[in-house]
Amino acid sequence: MKFLTRNTLSLLAFVAPVLGQVLSTNCTSSNAAAQVCAELQSDLGSAIVEASGAEYDATSQGTWSLFNSLDRPTCIVYPRTASHVQLTMASIFQHKSHYAVQAGAHSPMIGWNSINDGVLISFANMTSTSYNPVTETVTVQPGVHWGDAMAAVDAFGVSVLGGRASDIGTGLLLGGGISFASPLYGWSADSIKEMDVVLVTGQFVTANATNAHADLFRALKGGANRFGIVTRYELYAIHTGTKEDKNWFGGVIVYPGSSSVALSNASARYIREVTDPKAGLVVILNTVNLTAVDANTVYLFYNGASLPPGIFGDFLSIPNTSQTLSPLSYYDISNLISGSARGNGQQFGASSWVGDEGTFLAGYNHLVNFTQTFPADLIASYLIISPIPQSQWAATAARGPNAIGDPGVAYATINFNLIYPAGVTVRPQDVDDGFKLLLSQTPPSPGLPLYVNECDASQDVFATYPDFAALQETYAKYDPLRFNVEHTVGPIGL
Ligand SMILES: Cc1cc2nc3c(=O)[nH]c(=O)nc-3n(C[C@H](O)[C@H](O)[C@H](O)COP(=O)(O)OP(=O)(O)OC[C@H]3O[C@@H](n4cnc5c(N)ncnc54)[C@H](O)[C@@H]3O)c2cc1C
């Protein structure tokens, strides 16, 4: 294994190509945004288009990652209807302004949900959720957070495939989306029945699996913010029972740092061997302070009365420092993690690994090595392991393809999550360079797609999708002038 030092990093910084997307900001783009804001203020009014004030501050400074909360948009548009988004995009397109879109504000990728010298479209005022018992679908507006959406339909005994933390927003769907029930029902995006979409020109279309925009429908399920702005999601409800129906069992187990290797091995084996779609798991190993008694956390659930030892035995037998296990509802397990804490700079990086102990251990050791190279720069450095069993893809197949694409093998998405100390507003260059080296040392297992919601902005995620060519073709069809990639920050590679 190659070890990092600050010296090798400064060399790397010198030779490494800069892969991240940077929009060029100059007088022209500032002027364009100012023109759009003036035009929209006149058309939509100052309650919808704001250039300052308490709501403006709350939105621009309220992103999950501190790094994105320092940007000051030229104005923020708070649409109430799809037609407001149409008008906004038409003006942005006409004046060639830069722009960004914000839903739940959890993306830590710099500039993916925030902007300087540009227009920010915030869905903070489009947050409704409704259930139609006839079609058995839940319609959500893009500004809702999953905890609120689930609470809104709970009385009907149904829920939605959202995320595993209540504060996350609907941007999750556009990257794919992993719920604790995904092994049963598929990627959260697979639960979309229909979407209303505003294209870069301001044109409004409705996309579903069978209409003339089926190609766009597929591309949006994994294509992140590149294919249009979604103003309505109609989702197939999942029949979970209410929050009083404790038909799951599980909870959280906390382990000392000395458990890391055993947990890494247990995770690899779980990924390789567990095929039961009723099982849900996420493993979080923290490589800062390896001697802590509460270094590692595992969330484990089973849609049944207990945790079957044949599935969770390894995790249950590793010595732990505390455990809270009980009967729970789907609502409970999806709200156990809030994810709402703010105030720190955050960074994600992605890999995808098949269930092989050697791959997991090598990846874990690389992260430990990276973390120990920067002992004072990070307050947490997590390896987060999420299983993607083949049952998840079987559920996808039943609904029609998404953009990510079944690689034909069980694997785990790997999220390297760095948390910087409060008050650090800029990522230190050598830490950033070290992180890119870490990502090159821990590549995806051959043939596996990366998960765009967990990637570093420098990672070419779309090129890892088995049907990347179809995604490129659809992008060229819906945005032939390449306006989106040139005017908003998001995944690279299209
Ligand atoms: C604490 C935490 C927990 C997480 N847990 C999970 C989990 O359990 N499962 C999982 O799959 N992922 C999880 N994630 C990752 C999460 O899916 C992504 O961060 C996701 O992008 C967040 O969506 P958002 O709406 O909250 O964020 P935002 O930053 O607002 O949006 C994310 C991206 O989507 C774009 N976007 C949002 N809405 C629209 C729209 N309507 N039209 C066009 N573009 C849009 C934004 O411009 C941005 O680029 C977690 C992240 C965090 C920080």
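Note that ligands are numbered from 1 as they come in the structure, with each ligand's atoms numbered from 1 the same way. Each residue takes its place number in the sequence, starting with 1. Everything quoted here is computed from the prediction, not taken from an experiment.
With 3.5 Å as the limit, one finds no donor-acceptor pair spanning the side chains of Ser159 and Thr240. Using modelled atom types and a 3.5 Å distance limit, the side chains of Asp467 and Tyr465 yield no donor-acceptor pair. Judged by distance alone, the side chains of Ser386 and Arg164 do bring a donor and an acceptor atom under 3.5 Å apart. Counted by atom type alone, Tyr78 and Thr59 present one or more donor-acceptor pairs between their side chains at under 3.5 Å. There is a side-chain donor-acceptor pair under 3.5 Å between Gln347 and Asp432. A donor-acceptor contact closer than 3.5 angstrom links the side chains of Ser381 and Thr287. Side-chain polar atoms of Glu234 and Asn132 form no donor-acceptor pair below 3.5 angstrom. Counting only N and O atoms by type, the side chains of Ser122 and Gln102 include no donor and acceptor under 3.5 Å apart. For the residue pair Asp196 and Thr231, no side-chain donor N or O sits within less than 3.5 Å of a side-chain acceptor on the partner. For the 3.5 Å distance criterion, the side chains of Asp167 and His106 qualify, holding a donor opposite an acceptor. Between the side chains of Asp406 and Gln390, a donor-acceptor pair is found at a separation under 3.5 Å.
The disulfide bond (SG atoms under 2.5 Å apart) check on Cys455 picks up nothing, with sequence neighbours excluded.
Shown are Val200, Asn484, Asp215; of these, the side chain to side chain contact (heavy atoms under 4.5 Å, CB included) with Tyr478 is made only by Asp215.
No more than 12 heavy-atom neighbours from other residues, nucleotides or ligands sit within 6.0 angstrom of NZ on Lys96.
Side-chain contact check for Ile238 versus Ser191: every heavy-atom pair is 4.5 Å or farther apart.
Arg164 NH2, 4.2 Å is the protein heavy atom nearest to atom 6 (C) of ligand 1. Trp112 O, 3.3 Å is the protein heavy atom nearest to atom 48 (C) of ligand 1. Taking atom 9 (N) of ligand 1 as the reference point, the nearest protein heavy-atom neighbour is Ile178 O, 2.9 Å. Atom 27 (O) of ligand 1 has as its closest protein heavy atom His106 N, 3.0 Å. Nearest protein heavy-atom contact of atom 38 (N) of ligand 1 is Ala103 CB, 3.4 Å. The single protein non-hydrogen atom nearest to atom 35 (C) of ligand 1 is Asn225 CB, 3.8 Å, given as residue, atom name and distance. Scanning the protein heavy atoms around atom 43 (C) of ligand 1, the nearest turns out to be Gly228 O, 3.3 Å.
Near Trp64, the atoms of ligand 1 lying under 4.0 angstrom from a non-hydrogen atom of the residue are 1 (C), 53 (C). Near Ile229, with a cut-off below 4.0 Å to any heavy atom, the atoms of ligand 1 are 42 (N), 43 (C). Within ligand 1, counting atoms from 1 as listed, the ones closer than 4.0 Å to a heavy atom of Phe123 are 41 (N). Less than 4.0 angstrom separates some heavy atom of Gln102 from each of these atoms of ligand 1: 30 (O). Set against the non-hydrogen atoms of Tyr233, the atoms of ligand 1 under 4.0 Å away are 41 (N).
Of the listed options Val230, Leu174, Asn417, Leu174 places a heavy atom closest to atom 44 (N) of ligand 1. When the options Gly339, Pro142, Ser334, Gly169 are ranked by their closest heavy atom to atom 1 (C) of ligand 1, first place goes to Gly339. Counting only non-hydrogen atoms, the option in Ile168, Asp196, Leu120 that gets closest to atom 5 (N) of ligand 1 is Ile168. The option with the heavy atom closest to atom 13 (C) of ligand 1, from among Leu172, Asn453, Val489, Val452, is Leu172.
The shortest N or O to N or O distance between Gly163 and ligand 1 is not below 3.5 Å. Backbone and side-chain nitrogen or oxygen atoms of Gly171 are examined, and one is located within less than 3.5 angstrom of a nitrogen or oxygen of ligand 1. In terms of N/O distances under 3.5 Å, ligand 1 is approached by Val101. In terms of N/O distances under 3.5 Å, ligand 1 is approached by Ala105. Of the polar atoms of Gly104, at least one N or O is found under 3.5 Å from an N or O of ligand 1, judged by distance alone. At least one N or O atom of Tyr451, backbone or side chain, sits closer than 3.5 Å to an N or O atom of ligand 1.
Within the 4.0 Å cut-off (strictly below), a protein heavy atom is located near atom 29 (O) of ligand 1.
A heavy-atom separation below 4.0 Å is found between Gly177 and ligand 1. The closest approach between any non-hydrogen atom of Phe180 and ligand 1 is not below 4.0 Å.
The part of Asn113 lying near ligand 1 is the side chain, judged by heavy-atom distances below 4.0 Å. Proximity of Phe227 to ligand 1, defined as any heavy-atom pair under 4.0 Å, is not found for any part of the residue. Both the backbone and the side chain of Ser107 come within 4.0 Å of ligand 1, judged by heavy-atom distances.
Residue pairs that meet the ring-ring contact (aromatic ring centres under 6.0 Å, His included) test with at least one member in residues 385-423, sequence neighbours left out, are Phe67-Tyr420, Trp187-Trp393.
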